[in-house]
Amino acid sequence: MDLQIPYEVIPRRDTGVNNAKLGIWLFLASEVMLFGGLFAAYIFLRMGAEAWPGMMIPDTTTMAERADQVLSVPLATLNTMILIASSVTMVMSWASLKLNDFKKYKLYMGLTILLAFGFLIVKAFEYGSKFGHDLFPSTNMFLAVYFVLTGLHAIHVTGGIIVNAYFWGPGTKMWTQGNDHDKAHFTNRIEVAGLYWHFVDLVWIFLFPTIYLL
Amino acid sequence: MAEHMTVEEVKKHVKVYVMVFAALAVLTVVTVAVSYLDFTIGPALIVALIIALIKGGLVAGYFMHLISEKKVIAWVLIVTVVFLVCMFILFISALSDQEMSMLYDVVGRYVA
(Lines give C-alpha, C1' and ligand atoms only; values in the text may rest on other atoms or scores of the structure.)
Protein backbone atom coordinates (compact mmCIF):
# COMPACT_ATOMS: atom_id res chain seq x y z
CA MET A 1 0.00 0.00 0.00
CA ASP A 2 1.37 3.41 -0.93
CA LEU A 3 0.89 5.49 2.19
CA GLN A 4 1.80 9.15 1.99
CA ILE A 5 1.97 11.68 4.79
CA PRO A 6 0.77 14.95 3.28
CA TYR A 7 3.09 17.93 3.73
CA GLU A 8 0.77 20.74 4.69
CA VAL A 9 1.61 24.07 6.27
CA ILE A 10 -1.85 24.57 7.73
CA PRO A 11 -2.19 23.67 11.42
CA ARG A 12 -3.73 20.27 12.20
CA ARG A 13 -7.01 20.39 14.09
CA ASP A 14 -5.82 17.97 16.79
CA THR A 15 -2.40 19.50 17.58
CA GLY A 16 -3.05 23.10 16.55
CA VAL A 17 0.30 23.26 14.71
CA ASN A 18 1.55 21.99 11.35
CA ASN A 19 3.40 18.66 11.22
CA ALA A 20 6.79 20.16 10.35
CA LYS A 21 6.72 22.42 13.38
CA LEU A 22 5.69 19.66 15.78
CA GLY A 23 8.35 17.41 14.18
CA ILE A 24 11.19 19.90 14.65
CA TRP A 25 10.19 20.62 18.26
CA LEU A 26 10.19 16.87 19.02
CA PHE A 27 13.64 16.63 17.40
CA LEU A 28 14.85 19.59 19.48
CA ALA A 29 13.48 17.86 22.60
CA SER A 30 15.71 14.87 21.78
CA GLU A 31 18.61 17.28 21.30
CA VAL A 32 17.97 18.77 24.75
CA MET A 33 18.41 15.26 26.16
CA LEU A 34 21.61 14.71 24.12
CA PHE A 35 23.30 17.90 25.31
CA GLY A 36 21.66 17.50 28.74
CA GLY A 37 23.32 14.09 29.15
CA LEU A 38 26.72 15.59 28.36
CA PHE A 39 26.11 18.54 30.71
CA ALA A 40 25.13 16.06 33.45
CA ALA A 41 28.35 14.12 32.79
CA TYR A 42 30.29 17.41 33.01
CA ILE A 43 28.69 18.26 36.39
CA PHE A 44 29.35 14.70 37.60
CA LEU A 45 33.01 14.78 36.58
CA ARG A 46 33.58 18.29 37.91
CA MET A 47 31.97 17.57 41.31
CA GLY A 48 34.08 14.43 41.63
CA ALA A 49 37.35 16.09 40.57
CA GLU A 50 39.92 17.14 43.17
CA ALA A 51 40.87 20.20 41.12
CA TRP A 52 39.31 21.89 38.07
CA PRO A 53 40.63 22.37 35.42
CA GLY A 54 43.43 20.43 37.10
CA MET A 55 46.21 21.43 34.69
CA MET A 56 49.02 23.96 34.22
CA ILE A 57 48.37 27.32 32.54
CA PRO A 58 49.90 26.88 29.01
CA ASP A 59 53.56 28.00 28.77
CA THR A 60 53.89 28.35 32.56
CA THR A 61 54.52 26.12 35.56
CA THR A 62 51.59 27.61 37.46
CA MET A 63 48.54 25.49 38.19
CA ALA A 64 45.37 26.91 36.63
CA GLU A 65 42.63 27.73 39.12
CA ARG A 66 39.96 28.67 36.59
CA ALA A 67 39.00 27.54 33.10
CA ASP A 68 39.55 31.04 31.66
CA GLN A 69 43.28 30.70 32.41
CA VAL A 70 43.42 27.82 29.92
CA LEU A 71 40.73 28.77 27.38
CA SER A 72 40.43 31.96 25.34
CA VAL A 73 37.52 34.03 26.72
CA PRO A 74 37.91 36.84 24.09
CA LEU A 75 37.56 34.31 21.23
CA ALA A 76 34.59 32.63 22.92
CA THR A 77 32.94 36.03 23.55
CA LEU A 78 33.46 36.90 19.88
CA ASN A 79 31.86 33.60 18.91
CA THR A 80 28.91 34.29 21.23
CA MET A 81 28.33 37.63 19.50
CA ILE A 82 28.65 35.95 16.07
CA LEU A 83 26.05 33.31 16.93
CA ILE A 84 23.63 35.86 18.42
CA ALA A 85 23.99 37.99 15.28
CA SER A 86 23.37 34.91 13.10
CA SER A 87 20.18 34.16 15.04
CA VAL A 88 18.94 37.68 14.26
CA THR A 89 19.79 37.40 10.55
CA MET A 90 18.08 33.98 10.47
CA VAL A 91 14.84 35.30 11.91
CA MET A 92 15.08 38.34 9.61
CA SER A 93 15.38 36.03 6.60
CA TRP A 94 12.09 34.38 7.63
CA ALA A 95 10.48 37.79 8.26
CA SER A 96 11.62 38.92 4.77
CA LEU A 97 9.76 36.00 3.19
CA LYS A 98 6.66 36.88 5.20
CA LEU A 99 7.00 40.41 3.78
CA ASN A 100 7.40 38.90 0.29
CA ASP A 101 10.89 40.43 -0.08
CA PHE A 102 12.98 37.66 -1.66
CA LYS A 103 16.11 39.82 -2.20
CA LYS A 104 16.30 40.60 1.51
CA TYR A 105 15.74 36.93 2.29
CA LYS A 106 18.80 36.06 0.19
CA LEU A 107 20.81 38.78 1.91
CA TYR A 108 19.91 37.74 5.46
CA MET A 109 20.24 34.00 4.81
CA GLY A 110 23.62 34.63 3.12
CA LEU A 111 24.73 36.60 6.19
CA THR A 112 23.56 33.78 8.46
CA ILE A 113 25.72 31.30 6.53
CA LEU A 114 28.74 33.65 6.55
CA LEU A 115 28.41 34.22 10.29
CA ALA A 116 28.19 30.46 10.85
CA PHE A 117 31.43 30.02 8.86
CA GLY A 118 32.93 32.83 10.95
CA PHE A 119 32.04 30.90 14.10
CA LEU A 120 33.75 27.77 12.79
CA ILE A 121 36.87 29.71 11.71
CA VAL A 122 37.21 31.24 15.19
CA LYS A 123 36.66 27.77 16.67
CA ALA A 124 39.38 26.37 14.40
CA PHE A 125 41.83 29.03 15.67
CA GLU A 126 40.88 28.10 19.23
CA TYR A 127 41.39 24.37 18.63
CA GLY A 128 44.61 25.05 16.70
CA SER A 129 46.01 26.99 19.66
CA LYS A 130 45.21 24.06 21.99
CA PHE A 131 46.79 21.49 19.64
CA GLY A 132 49.84 23.77 19.31
CA HIS A 133 50.35 23.48 23.08
CA ASP A 134 49.95 19.68 22.90
CA LEU A 135 46.55 19.91 24.56
CA PHE A 136 44.21 17.20 23.26
CA PRO A 137 40.94 15.58 24.43
CA SER A 138 43.05 12.75 25.87
CA THR A 139 45.23 15.14 27.92
CA ASN A 140 42.89 15.40 30.91
CA MET A 141 39.24 15.34 31.99
CA PHE A 142 38.73 19.10 31.62
CA LEU A 143 39.95 19.13 28.02
CA ALA A 144 37.92 15.99 27.23
CA VAL A 145 34.75 17.77 28.43
CA TYR A 146 35.72 20.96 26.57
CA PHE A 147 36.43 19.23 23.23
CA VAL A 148 33.41 16.90 23.37
CA LEU A 149 30.86 19.60 24.22
CA THR A 150 32.22 22.31 21.91
CA GLY A 151 32.98 19.72 19.19
CA LEU A 152 29.43 18.36 19.21
CA HIS A 153 28.15 21.92 19.08
CA ALA A 154 30.44 22.69 16.11
CA ILE A 155 29.03 19.61 14.31
CA HIS A 156 25.55 21.07 14.83
CA VAL A 157 26.73 24.40 13.41
CA THR A 158 28.07 22.53 10.36
CA GLY A 159 24.70 20.77 9.94
CA GLY A 160 22.97 24.13 10.08
CA ILE A 161 25.29 25.54 7.40
CA ILE A 162 24.46 22.63 5.05
CA VAL A 163 20.69 23.07 5.51
CA ASN A 164 20.82 26.88 5.26
CA ALA A 165 23.14 26.77 2.22
CA TYR A 166 20.61 24.50 0.47
CA PHE A 167 17.82 26.97 1.22
CA TRP A 168 20.01 29.85 0.04
CA GLY A 169 20.94 28.08 -3.22
CA PRO A 170 19.11 25.23 -4.98
CA GLY A 171 16.23 25.15 -2.50
CA THR A 172 15.08 28.64 -3.54
CA LYS A 173 13.55 27.18 -6.73
CA MET A 174 10.52 26.44 -4.58
CA TRP A 175 10.05 30.19 -4.19
CA THR A 176 11.32 31.54 -7.53
CA GLN A 177 9.56 28.97 -9.72
CA GLY A 178 6.65 28.10 -7.48
CA ASN A 179 3.11 29.36 -6.96
CA ASP A 180 1.66 30.82 -3.74
CA HIS A 181 1.22 27.31 -2.30
CA ASP A 182 4.92 26.53 -2.88
CA LYS A 183 5.96 29.90 -1.43
CA ALA A 184 4.01 29.15 1.76
CA HIS A 185 5.81 25.80 1.96
CA PHE A 186 9.20 27.45 1.45
CA THR A 187 8.48 29.99 4.20
CA ASN A 188 7.49 27.10 6.48
CA ARG A 189 10.80 25.36 5.72
CA ILE A 190 12.76 28.48 6.63
CA GLU A 191 10.83 28.80 9.88
CA VAL A 192 11.64 25.17 10.75
CA ALA A 193 15.33 25.58 9.77
CA GLY A 194 15.33 28.74 11.90
CA LEU A 195 14.04 26.86 14.94
CA TYR A 196 16.98 24.47 14.62
CA TRP A 197 19.44 27.34 14.20
CA HIS A 198 18.13 29.23 17.25
CA PHE A 199 18.48 26.03 19.26
CA VAL A 200 22.16 25.84 18.25
CA ASP A 201 22.51 29.43 19.53
CA LEU A 202 20.65 28.48 22.73
CA VAL A 203 23.05 25.61 23.47
CA TRP A 204 26.04 27.93 23.07
CA ILE A 205 24.47 30.45 25.47
CA PHE A 206 24.73 27.78 28.20
CA LEU A 207 28.04 26.28 27.03
CA PHE A 208 29.91 29.60 27.04
CA PRO A 209 29.64 30.51 30.75
CA THR A 210 29.72 26.96 32.12
CA ILE A 211 32.80 25.78 30.17
CA TYR A 212 34.81 28.99 29.69
CA LEU A 213 34.04 31.24 32.63
CA LEU A 214 33.60 29.04 35.72
CA MET B 1 1.52 31.25 15.83
CA ALA B 2 4.20 32.71 13.58
CA GLU B 3 2.73 31.34 10.31
CA HIS B 4 -0.48 33.39 10.66
CA MET B 5 1.16 36.76 11.21
CA THR B 6 -0.01 39.65 9.09
CA VAL B 7 2.46 41.96 7.32
CA GLU B 8 1.92 44.63 10.01
CA GLU B 9 2.56 42.11 12.78
CA VAL B 10 5.76 40.92 11.10
CA LYS B 11 6.99 44.54 10.82
CA LYS B 12 6.35 45.02 14.56
CA HIS B 13 8.22 41.80 15.27
CA VAL B 14 11.26 42.96 13.29
CA LYS B 15 11.66 45.88 15.74
CA VAL B 16 11.41 43.43 18.64
CA TYR B 17 14.10 41.19 17.07
CA VAL B 18 16.53 44.13 16.95
CA MET B 19 15.80 45.00 20.60
CA VAL B 20 16.29 41.37 21.65
CA PHE B 21 19.62 41.33 19.77
CA ALA B 22 20.76 44.42 21.69
CA ALA B 23 19.67 42.86 25.00
CA LEU B 24 21.54 39.62 24.19
CA ALA B 25 24.70 41.53 23.31
CA VAL B 26 24.56 43.55 26.56
CA LEU B 27 23.89 40.38 28.61
CA THR B 28 26.89 38.67 26.98
CA VAL B 29 29.13 41.56 28.08
CA VAL B 30 27.58 41.36 31.58
CA THR B 31 28.28 37.57 31.68
CA VAL B 32 31.97 38.15 30.95
CA ALA B 33 32.23 41.18 33.30
CA VAL B 34 30.64 39.25 36.19
CA SER B 35 33.11 36.39 35.69
CA TYR B 36 35.97 38.79 36.59
CA LEU B 37 34.39 39.56 39.99
CA ASP B 38 35.93 37.57 42.78
CA PHE B 39 33.02 35.18 43.38
CA THR B 40 33.47 31.64 44.70
CA ILE B 41 32.19 28.83 42.44
CA GLY B 42 28.69 28.68 44.08
CA PRO B 43 27.59 32.33 43.60
CA ALA B 44 29.47 32.52 40.25
CA LEU B 45 27.51 29.51 38.97
CA ILE B 46 24.17 30.95 40.14
CA VAL B 47 24.83 34.37 38.54
CA ALA B 48 26.08 32.78 35.28
CA LEU B 49 23.05 30.47 35.07
CA ILE B 50 20.57 33.28 35.83
CA ILE B 51 22.02 35.40 32.99
CA ALA B 52 22.12 32.36 30.66
CA LEU B 53 18.47 31.57 31.52
CA ILE B 54 17.42 35.16 30.71
CA LYS B 55 19.32 35.03 27.40
CA GLY B 56 17.91 31.58 26.59
CA GLY B 57 14.40 32.83 27.44
CA LEU B 58 14.81 35.76 25.04
CA VAL B 59 15.99 33.50 22.20
CA ALA B 60 13.28 30.87 22.79
CA GLY B 61 10.52 33.39 23.50
CA TYR B 62 11.09 35.85 20.64
CA PHE B 63 13.31 34.25 17.95
CA MET B 64 11.62 30.84 18.29
CA HIS B 65 8.23 32.49 18.91
CA LEU B 66 7.61 30.32 21.96
CA ILE B 67 5.85 33.22 23.63
CA SER B 68 2.92 32.90 21.20
CA GLU B 69 3.18 29.17 20.45
CA LYS B 70 0.40 26.57 20.87
CA LYS B 71 -0.02 24.50 24.03
CA VAL B 72 1.20 21.28 22.40
CA ILE B 73 4.70 22.76 21.96
CA ALA B 74 4.74 23.92 25.58
CA TRP B 75 3.78 20.39 26.67
CA VAL B 76 6.59 18.86 24.60
CA LEU B 77 9.03 21.18 26.38
CA ILE B 78 7.56 20.59 29.85
CA VAL B 79 7.89 16.81 29.43
CA THR B 80 11.46 17.30 28.14
CA VAL B 81 12.44 19.44 31.14
CA VAL B 82 10.94 16.84 33.53
CA PHE B 83 13.04 14.08 31.91
CA LEU B 84 16.11 16.34 31.92
CA VAL B 85 15.74 17.08 35.64
CA CYS B 86 15.29 13.33 36.33
CA MET B 87 18.52 12.62 34.42
CA PHE B 88 20.42 15.29 36.38
CA ILE B 89 19.10 13.83 39.66
CA LEU B 90 20.26 10.35 38.58
CA PHE B 91 23.77 11.60 37.85
CA ILE B 92 24.05 13.58 41.09
CA SER B 93 22.61 10.62 43.07
CA ALA B 94 25.33 8.44 41.59
CA LEU B 95 27.92 10.88 42.91
CA SER B 96 26.45 10.87 46.42
CA ASP B 97 26.30 7.04 46.24
CA GLN B 98 30.04 7.07 45.57
CA GLU B 99 30.64 9.34 48.59
CA MET B 100 28.39 7.16 50.79
CA SER B 101 30.22 3.99 49.80
CA MET B 102 33.56 5.70 50.67
CA LEU B 103 32.05 6.64 54.05
CA TYR B 104 30.88 3.03 54.63
CA ASP B 105 34.44 1.83 53.84
CA VAL B 106 35.94 4.22 56.39
CA VAL B 107 33.33 3.33 59.05
CA GLY B 108 33.75 -0.40 58.26
CA ARG B 109 37.53 -0.23 58.73
CA TYR B 110 37.09 1.73 62.00
CA VAL B 111 34.58 -0.79 63.39
CA ALA B 112 36.69 -3.78 62.33
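Ring orientation note: the planes of A:Y42 and A:W52 are tilted relative to one another, at an angle of 30° to 60°. Aromatic ring orientation, A:F102 versus A:F186: tilted (interplanar angle from 30° to 60°). The aromatic rings of B:H13 and B:H65 stand perpendicular to each other, their planes meeting at an angle above 60°, with 30° marking the opposite boundary. Using a 30° and 60° split on the angle between ring planes, A:F208 and A:W204 fall in the parallel class, below 30°.
At a 4.5 Å heavy-atom cutoff, A:S30 makes no contact with chain B through either its backbone or its side chain. For A:I43, the part lying under 4.5 angstrom from a heavy atom of chain B is the side chain only. With a 4.5 angstrom heavy-atom cutoff, A:M92 touches chain B only via side-chain atoms. With a 4.5 angstrom heavy-atom cutoff, A:R12 does not touch chain B via any of its atoms. Interface residue B:L84: backbone and side-chain heavy atoms are both found under 4.5 Å from chain A. Of the two parts of A:A41, the backbone and the side chain both hold a non-hydrogen atom closer than 4.5 Å to a non-hydrogen atom of chain B. Both the backbone and the side chain of A:A85 come within contact range of chain B, each with at least one heavy atom under 4.5 Å from a heavy atom of that chain. In this structure, the portion of A:V73 lying under 4.5 Å from any heavy atom of chain B is its side chain and not its backbone. Proximity to chain A (any heavy atom under 4.5 Å) is shown, for B:I89, by neither the backbone nor the side chain. In this structure, the portion of B:L77 lying under 4.5 Å from any heavy atom of chain A is its side chain and not its backbone.
Ion pairing of B:E69 with A:K21 is present here, as a side-chain N (NZ or NE/NH1/NH2) and a carboxylate O approach within less than 4.0 Å. In summary, B:E9 and B:K12 do not engage in a salt bridge, as defined by a charged side-chain N under 4.0 Å from a carboxylate O.
Most heavy-atom pairs under 4.5 Å with chain A, from the set B:L53, B:V81, B:L90: that is B:L53. Across B:V32, B:V29, B:L27, the residue that shares the most heavy-atom pairs under 4.5 angstrom with chain A is B:V32. The candidate from B:L49, B:V72, B:I51 with the greatest count of non-hydrogen atom pairs under 4.5 Å with chain A is B:V72. Here B:I73 is the residue among B:I73, B:T28, B:V59 with the most heavy-atom pairs under 4.5 Å with chain A. Comparing A:D201, A:L195, A:N100 by how many heavy-atom pairs each has under 4.5 Å with chain B, the most go to A:L195. Ranking A:G194, A:G37, A:G48 against chain B, the residue ahead of the rest is A:G37, based on heavy-atom pairs under 4.5 Å.
Atom CE of B:M87 has more than 12 neighbouring heavy atoms from other residues, nucleotides or ligands inside a 6.0 Å radius. At most 12 non-hydrogen atoms from other residues, nucleotides or ligands lie less than 6.0 angstrom from CG of A:D180. The neighbour count for A:F206 CZ, taken as heavy atoms of other residues, nucleotides or ligands under 6.0 Å away, is above 12.
Put simply, OG1 on A:T150 and OH on A:Y127 are 2.5 Å apart, with the number rounded to the nearest 0.5 Å.
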